[in-house]
K.L.:
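Let me begin by handing over the structure; questions about it come next.
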Protein chains: 2
Amino acid sequence: MALAHAILATLMDRPYCGYDLRKRFEGSVGFFWQASFQQIYRELKKLEEQGLVHSEAIAQESRPGKNVFAVTAEGEAFLQTWIETPCEMAPLRDDLQVKMFAGFVVPRETILMELQHHQAMHQERIAVYHQIEQNAFANPEQLPEKDLFRYLTLRGGIQYEMGWLTWCEAAIAFLTQHSASAIDP
Amino acid sequence: MALAHAILATLMDRPYCGYDLRKRFEGSVGFFWQASFQQIYRELKKLEEQGLVHSEAIAQESRPGKNVFAVTAEGEAFLQTWIETPCEMAPLRDDLQVKMFAGFVVPRETILMELQHHQAMHQERIAVYHQIEQNAFANPEQLPEKDLFRYLTLRGGIQYEMGWLTWCEAAIAFLTQHSASAIDP
DNA sequence: GTTGACTAATCAATTAGTTGAATATAAGAT
DNA sequence: ATCTTATATTCAACTAATTGATTAGTCAAC
């Protein structure tokens, strides 16, 4: 039940209504934990039943009213307990690795194109991350407590993408070299 | 419905019974796609209904009989079509990144310990991968077609783990340096 | 001779995630 | 006037994944 923790972690930043929470799960938080609005609303309901968050209905002129959710004291304790409990490495479930594993059933060119596609996507993602880094964390040495952890999370995203990018490049090079000799024996 | 593809990819190697398939999903294949035996048996049933695999009951003396599954021609075509269809980057869902994001709600020491824990796990995993690399792919330049893709899949695992390891090390260094100045202003 | 481990598979219950639609208000564009 | 976009939320149906128990035979160890 880790979505609950991701929501609590986000609400620790500041209270959000479901709609705004969901927007965070597309952008920043969504880079390491995604959830649809249906999931988020369902989970918020459950969290409120458990007393880990509480909501306040806020009426707005010229907008539909909204329910703003905030973490309760119990919610924060719950989150702390979870963080203190050691966890396993996140399991991988990667389509591209499955494709690579069975790569011999398609022409070499197919795999190469897919690798180039992924190389480009990882490069783009890294560019986005670098943009955020420059905008929000230009001076990592002098960040306030909270932003320091945001910064390290971002660095995690960058390293993760770098790992995949490095692999794409190496795999393309390897397959390119070895396809020539395979076609021309 | 990506488990189906992972199963077909594995069965392209050679036919397996459910039990042996599941063992592959703990070991090698499990490094990039995990599934429980319940999931595997359920999916095999579905794949057979769709005509993508077919099974053969094999009686064994001194062992329970087993059903050995093999990919049909339609199954292979189905797998090929899937591989040819470009896919998105695998979405991340990482507990440790969520913990880092909300790291300010626990003592600095807690996060450092968890990072060290993960650092050790990634190092261990990399050691396992390097062992496999030495045993099975000592001469990557001269691999037969099939093994070449296995080798690249393994390299993917290594790069992925290296990304996380690099990050753990950097984050530990960063937090260690910045905790000293925070405690001693 | 019983306990534990390995092979081989199935069933039931629950939780989590995806897909698609529906509802309501209001601002801005064509 | 209507159409799209944005805000804000809910419901229903379905697929996928996890958890736990159950059956049943063989083999080796204690």
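Not measured: the values here are computed from a predicted model. These numbers come from the heavy atoms of this one structure, side chains and all, not from hydrogens, waters or symmetry mates. Numbers restart at 1 for each chain; the letters A, B, ... are given by sequence-line order, proteins then strands.
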K.L.:
Under 4.0 Å, counting only non-hydrogen atoms across every strand here, what does B:R22 touch: a base, just sugar-phosphate, or nothing?
P.N.:
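Nothing: the residue B:R22, judged by heavy atoms under 4.0 Å, touches no strand.
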K.L.:
Nearest to the side chain of B:C17, heavy atoms from C-beta on, is which of C:dT19, D:dT18, C:dA8?
P.N.:
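Between C:dT19, D:dT18, C:dA8, the one nearest the side chain of B:C17 would be C:dA8.
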K.L.:
Judged by each residue's nearest nucleotide on DNA chain C, which is more toward the 5′ side, B:Q38 or A:A2?
P.N.:
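It is B:Q38, whose closest nucleotide lies nearer the 5' terminus.
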K.L.:
Under the salt bridge (charged side-chain N to carboxylate O under 4.0 Å, His left out) criterion, do B:E49 and B:K45 qualify, and how do the steps go?
P.N.:
CA-CA 6 Å; B:E49 282 166 9; B:K45 209 173 171 182; 5.9 Å; no
K.L.:
Provide, to the nearest angstrom, the distance between the CZ atom belonging to A:F69 and the C1' atom belonging to D:dA8.
P.N.:
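Taking CZ of A:F69 and C1' of D:dA8, I get 11 Å after rounding.
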K.L.:
For A:Y19 and D:dA6, give me the distance from atom OH to atom P, rounded to whole Å.
P.N.:
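Distance, rounded to whole Å: 8 Å.
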K.L.:
Without decimals, in angstroms, what is the distance between B:R42 CZ and C:dC11 C1'?
P.N.:
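After rounding, the reported distance stands at 11 Å.
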K.L.:
For C:dT7, does OP1 or OP2 lie under 4.0 Å from any side-chain N or O of B:K23?
P.N.:
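Affirmative; the distance criterion is met.
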K.L.:
Just the rounded figure in Å: distance from C1' of D:dA16 to CD1 of B:I40.
P.N.:
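Those two atoms, CD1 and C1', are 14 Å apart.
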K.L.:
Same cluster or not: B:Y41 versus B:V29, using hydrophobic residues (I, L, V, M, F, W, Y) connected whenever any side-chain heavy atoms lie under 4.5 Å apart?
P.N.:
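They do not share one cluster, since no chain of ILVMFWY contacts under 4.5 Å joins B:Y41 to B:V29.
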K.L.:
State whether A:Q39 places a side-chain N or O below 4.0 Å from either non-bridging phosphate oxygen (OP1 or OP2) of C:dA16.
P.N.:
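No, outside the criterion.
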K.L.:
Can you measure B:K46 atom NZ to D:dT15 atom P for me and round it to whole angstrom units?
P.N.:
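Spelled out: NZ on B:K46 to P on D:dT15 is 7 Å.
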K.L.:
How many whole angstroms separate atom NZ of B:K45 from atom P of D:dA16?
P.N.:
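It is 15 Å, rounded to the nearest whole Å.
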K.L.:
With respect to the phosphate group of D:dT9, does any side-chain polar atom (N or O) of A:N67 fall under 4.0 Å of OP1 or OP2?
P.N.:
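For D:dT9, OP1/OP2 do have a side-chain N/O of A:N67 under 4.0 Å.
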K.L.:
Between B:D147 and B:R150, does any NZ, NE, NH1 or NH2 come within less than 4.0 Å of an OD or OE carboxylate oxygen?
P.N.:
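B:D147 and B:R150: not salt-bridged.
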K.L.:
Any link between A:V106 and A:L175 through a network of hydrophobic side chains (Ile, Leu, Val, Met, Phe, Trp, Tyr) touching at under 4.5 Å?
P.N.:
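Shared cluster, yes.
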K.L.:
Starting at atom OH of B:Y41, determine the distance to atom C1' of C:dT10, rounded to an integer number of angstrom.
P.N.:
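Spelled out: OH on B:Y41 to C1' on C:dT10 is 9 Å.
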K.L.:
Can you tell me how far P of D:dT9 sits from CG of A:L44, to the nearest Å?
P.N.:
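Rounded to the whole Å, the gap is 9 Å.
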K.L.:
More 5' along DNA chain C: A:W33 or A:F37, using each one's nearest nucleotide?
P.N.:
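In this pair, the answer is A:W33.
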K.L.:
Looking at A:F32, does the NZ or CZ of B:R93 lie under 6.0 angstrom from its six-membered ring centre and within 45 degrees of the ring axis?
P.N.:
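The answer is no; the distance or angle limit is not met.
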